[in-house]
Amino acid sequence: MFHKPLTIITSTINQFFQLKGIQQLQKKYPRLVKFIHDRLDMQNFLGLPLTLLLGIGLINYALLSEISESLVNSQSMKQVDSSVGLFLYHLRTDAVAQAFYYFTELGTTLGVAITCLLVAAVLLYKRRWHYLASLLIAVLGTGTSIYFTKLYFHRERPLDIGYYKPSSFSFPSGHSAEALALFGIIAVFILLERQHIRYARFWAGVCVAYILLIGFSRIFLGVHFVSDVAGGYLLGSLWLILAVCVLEYLLLHFPHSKRQPSR
């Protein structure tokens with residue numbers, strides 16, 4: 001059986017509308033409060049799921065545009081990027097760089113695809129349909145966003161300090177974004193199923209460590225700036241949030257299917 005569904009968002013919303021001030025506001029402006037409540041309703045896709053979908057899309061566009069114009073192209077950010085990159089470059093040794101190179105290969109498109117297929121196969125075997133849907137949202141959404149944002153920003157890679165020369169543009173870091181989206185949602189699955197997984201917190205911690213090391217490895221190898229990795233994490237986190245919200249909606253709206261027995 002599934003662990004108790006993720007209900008933090010729903011319970012928080014319910015508690016908010018039970019506040020005395022909100023109750024008074026509802027008596028005075030019933031239509032306004034009802035409109036807001038409907039936009040936050042997890043039982044209706046036109047409620048919170050659609051609100052989050054539209055909100056995340058707008059935040060995604062605005063945030064990445066702001067990073068590009070005010071952060072990536074600012075002199076202060078360029079100085080931070082250059083200083084950190086050169087500092088790690090002078091600490092780099094062939095052995096450590098080679099180890100990080102092989103490690104970061106796990107975050108390539110091929111590595112992400114293989115990991116995603118393996119996780120999807122397990123979810124299909126266990127009939128975890130809700131988990132599978134959220135996995136696809138997180139991974140495919142992030143991958144699509146990375147492709148178009150790289151084309152839009154056209155930021156060149158760090159010069160002279162790269163351990164190797166990637167073929168794509170620099171901003172945002174696709175490795176970092178996909179690592180956060182993929183292993184972030186895997187960590188959520190592990191925590192939701194922690195009653196059935198030994199050392200669940202440890203494995204969730206491994207996922208977090210992997211996410212952080214992937215980002216660090218991209219800077220250490222000199223193939224990304226700090227701001228590239230930060231942008232990748234932000235982009236991946238937006239899709240992860242959306243995937244978790246959709247997962248909660250599916251578990252709450254279709255409660256019977258989650259109890260299907262495993263094969």
Side-chain angles (χ1 to χ4, degrees), residues 1-15 40-45 47-49 52-53 56 103-143 175-215 232-233 235-263:
M1 293 178 63
F2 275 67
H3 184 66
K4 182 179 179 181
L6 183 64
T7 57
I8 296 177
I9 297 176
T10 303
S11 61
T12 301
I13 292 172
N14 292 335
Q15 291 174 8
L40 301 176
D41 183 14
M42 280 298 298
Q43 302 299 326
N44 183 1
F45 182 77
L48 185 60
L52 289 171
L53 179 61
I56 286 174
F103 173 76
T104 199
E105 285 296 295
L106 297 173
T108 61
T109 301
L110 178 60
V112 170
I114 292 175
T115 303
C116 185
L117 288 174
L118 290 174
V119 175
V122 173
L123 296 178
L124 283 172
Y125 178 77
K126 297 292 185 179
R127 298 185 181 182
R128 298 320 201 229
W129 314 117
H130 301 341
Y131 287 6
L132 180 60
S134 61
L135 172 70
L136 294 178
I137 289 172
V139 175
L140 296 181
T142 301
H175 282 67
S176 302
E178 288 286 13
L180 194 146
L182 176 57
F183 282 86
I185 198 65
I186 291 175
V188 171
F189 297 159
I190 291 173
L191 292 177
L192 287 175
E193 295 286 340
R194 61 182 179 271
Q195 288 186 337
H196 312 290
I197 299 176
R198 295 187 64 183
Y199 310 114
R201 296 183 186 276
F202 168 79
W203 293 116
V206 170
C207 291
V208 174
Y210 172 84
I211 293 170
L212 296 176
L213 283 174
I214 279 290
Y233 282 153
L235 183 58
S237 66
L238 291 174
W239 284 101
L240 176 61
I241 292 170
L242 176 61
V244 171
C245 291
V246 172
L247 174 61
E248 179 175 355
Y249 166 77
L250 292 174
L251 290 174
L252 292 174
H253 202 67
F254 303 99
H256 299 293
S257 60
K258 69 178 181 177
R259 295 187 178 91
Q260 291 180 354
S262 303
R263 293 177 181 175

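As the structure is a computational prediction, the values presented were derived from the model and not from experiment. Side chains are part of it too, since the values below use all heavy atoms of this structure and drop only hydrogens, waters and symmetry mates.
Separating the CG atom in Leu192 from the CZ atom in Arg128 is a distance of 10.5 Å, to the nearest 0.5 Å. In this structure, the separation between CG on Leu182 and CG on Leu106 is 11.0 Å, given to the nearest 0.5 Å. The OH atom of Tyr210 sits 9.0 Å away from the CD1 atom of Ile186 when rounded to the nearest 0.5 Å. Taken to the nearest 0.5 Å, the CD1 atom of Ile137 stands 11.5 Å off from the CG atom of Leu240. Taking CZ of Phe189 as the start and CG of Leu132 as the end, the distance is 8.0 Å to the nearest 0.5 Å. The line from SG of Cys116 to CG of Leu136 is 6.0 Å long, rounded to the nearest 0.5 Å.
Taking each heavy atom of Leu191 and Ala204 in turn, the nearest pair found is CD2-CB, 4.0 Å. Listed here is the closest heavy atom pair of Ile197 and Trp203: CG2-CD1, 4.4 Å. The shortest heavy-atom contact between Ile185 and Ala243 is CD1-CB, 4.1 Å. For the residue pair Ala200 and Arg194, the shortest heavy atom distance occurs at CB-CB, 3.5 Å. Contact record, Ala181 with Ala138: CB-O, 3.6 Å, taken as the closest heavy-atom pair.
Between Ile114 and Leu110 the shortest side-chain heavy-atom distance falls below 4.5 Å. A heavy-atom distance below 4.5 Å is not found between the side chains of Val139 and Trp239. A heavy-atom distance below 4.5 Å is not found between the side chains of Tyr131 and Val119. Ser237 is listed as a side-chain neighbour of Leu180, based on a closest heavy-atom distance under 4.5 Å.
Judged purely by atom type and a 3.5 angstrom limit, Glu178 uses its side chain to pair as donor or acceptor with the backbone of Gly143.
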Assess whether side-chain contact (heavy atoms from CB on, under 4.5 Å) is satisfied between Phe183 and Ile214, documenting all intermediate values. CA-CA 11 Å; Phe183 282 86; Ile214 279 290; over 6 Å; no
What do the steps show when you test Leu123 against Trp129 for side-chain contact (heavy atoms from CB on, under 4.5 Å), and what is the final call? CA-CA 7 Å; Leu123 296 178; Trp129 314 117; over 6 Å; no
